[in-house]
Chemist: 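Below you will find the structure I want to go over with you.
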Amino acid sequence: MNKRSYKNEIEFQTFEPYTYLQDKHISYLKQLENFVQKSPFLPHYHLYPKTGLMNDPNGIAYFNKQYQFFYQWFPFEPNHGMKHWGHCKSSNLVHWEDKGIALIPDQEYEKNGCYSGNSIEKDDLLYLFYTANYKTPQGKIPKQAVSIMDKAGVIQKSKNNPIIDGAPEGMSGEIRDPFVFERDGSYYMLLGAKDEHEVGQLLLYTSQDLIDWVYQGIIYLPIDKGYMLECPSLIQVEGKDVLIISSMGLEKEETRYQNQFSTVYLVGKLDLVNKVFYEEYSDEVDSGFDFYATQSFYGKNNVPMMVAWFGCGEQELPSDKDMWKHGLTMPYELKLKQNRLTHFVVPELLEQFKKKQLFHNAKITTESNTYHLTFEVSDHQDEMSIQFGYSKDYWKLQFDFKQDQISVDRSNLDIPVDVQNGEIRKATGLNKNRYQVDVFVDNSFVEIFINEGEKSFAFRTFNMTTQHHDVIFDWEAIGEIGYYQAVKS
Ligand code: FRU
């Protein structure tokens, strides 16, 4: 059982708002790290914070023959406090080397945090772009900044920071999350924004040297932009442009945009001269409860990839009292299927599920809580459902072929999770009579993929019993189960 006695384990310290990490904090953070390690909810193959809160993936790159993953990190507490950048790297997306802190907001121009951004390689250096969060009593002054990492891993903030200071005409102070890319010999930066009429906007800047940036204007997007756009990212998949943005304030639909904030993709063509995205198809990226702020990037051999924050907005989670919160999704490969964006687990991770067993049964008791279950469902029944967990503590996956709906239901869990944002999530629009289903359970992190990522659900569950699950199908299912075997590094 996940019962933990918290008595006398550690004395928690309190911190002034906007405290940044200094040497004097190191020994406390070490204690906190040991405390977190006793949490019963820790994952094995998802990245999570050693202490405190992790949110957006930042600056993700394949640089110096290694995947460099940075992330938003408030090390002291499991809440959205002063944001630093954490860093870890890996050559295979399985074994990670923790590099600790990458950016500490210790400069005046970033006095309220080093916010999100991406990275780009130039002349053997990795340029890490970020928003220098800067608050005043009159509101925020948007500032963008850059730090440069060399191949030895040394990171230095540019002396030209902030490289963009202030808002263009017509915009509010809410402008952030630079995404820099190169096209036809020039550099471009996308920024998420809120304009003075409280409408979300995507801004475009250009540069020749990554330091001097010139504002070009707003990019026209043929979709609902809510009241604020965050974390734009652009990637080419099979010759098409794919723009992914995180939107605040989209109107809820029965099968889309159910979370506090949503991540949306557009497939088509970004015309940088006319500043228009010609959209051919768009949709929500993921249909689960806990998915936001994706970042796309090119992996080894230029494979288009993506990773997201495994969380969304301000959520209260059962792991808060264990002093850690959220994590990142698994890294995904991106493909197009009839112009729809699909995302599916990278092969490097898929290969780690071993001890595979075939089953032909209505019930399985798993051997652990880190497994990959794969099976097919077809419309031989109009409605089909599967329970994961135990008789009074489970979540449900359901297929309704008549209504063309797939849903995840968290209402039968013993420990409720973020109930005020609803307990059911639905996806629709596949219109098929047979699906391949892949369920990845990593203790409290669950990711489900339908047809290798035509639809997906990323969400957290905090089962009282974590070692084994009963998986109960309401039909005689045929499939395979494998267990995660890689040893943590
Ligand atoms: C998205 C976001 C970004 C911001 C960062 C701060 O989750 O709000 O817009 O840069 O988180 O941590």
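First listed ligand is number 1; within each ligand, the first listed atom is number 1.
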Chemist: Going by atom types alone, do Asn161 and Tyr109 pair a side-chain donor with an acceptor below 3.5 Å?
Modeler: yes
Chemist: Atoms of ligand 1 less than 4.0 Å from Asp177 heavy atoms?
Modeler: 3 (C), 4 (C), 9 (O), 10 (O)
Chemist: Are the charged groups of Asp283 and Lys455 less than 4.0 angstrom apart, N to O?
Modeler: yes
Chemist: Need the ligand 1 atom indices (1-based, order shown) with element for anything under 4.0 Å from a heavy-atom of Trp309.
Modeler: 7 (O)
Chemist: Which atoms from ligand 1 have a heavy atom of Tyr115 less than 4.0 Å away?
Modeler: 4 (C), 6 (C), 10 (O)
Chemist: Looking only at protein heavy atoms, identify the closest one to atom 1 (C) of ligand 1 and say how far it is in Å.
Modeler: Asp56 OD2, 3.0 Å
Chemist: Counting only N and O atoms by type, is there a donor-acceptor contact under 3.5 Å from the side chain of Ser90 to the main-chain atoms of His95?
Modeler: yes
Chemist: Inspect the contact between Lys143 and Glu110 and indicate whether a charged nitrogen and a carboxylate oxygen are less than 4.0 angstrom apart.
Modeler: no
Chemist: Using heavy atoms and a threshold below 4.0 Å, how should the contact between Asn133 and ligand 1 be classified: side chain, backbone, both, or neither?
Modeler: neither
Chemist: Taking N or O atoms only and a 3.5 Å limit, does Ser116 qualify as a polar contact for ligand 1?
Modeler: yes
Chemist: Looking only at side chains, do Thr51 and Trp324 share a donor and an acceptor under 3.5 Å apart?
Modeler: no
Chemist: May I ask you to establish whether Arg425 and Phe457 are in a cation-pi arrangement, using a distance under 6.0 Å from NZ or CZ to the six-membered ring centre and at most 45° from the ring axis?
Modeler: no
Chemist: Starting from atom 12 (O) of ligand 1, locate the nearest protein heavy atom and write down its residue, its atom name and how far away it is, to 0.1 Å.
Modeler: Gln72 OE1, 2.6 Å
Chemist: Are Glu454 and Lys337 ion-paired here, with the side-chain N under 4.0 Å from a carboxylate O?
Modeler: yes
Chemist: Look at atom 8 (O) of ligand 1 and say which protein heavy atom is nearest, naming residue and atom and giving the distance to 0.1 Å.
Modeler: Glu230 OE2, 3.0 Å
Chemist: Is there at least one pair of N or O atoms, one from Tyr292 and one from ligand 1, spaced under 3.5 Å apart?
Modeler: no
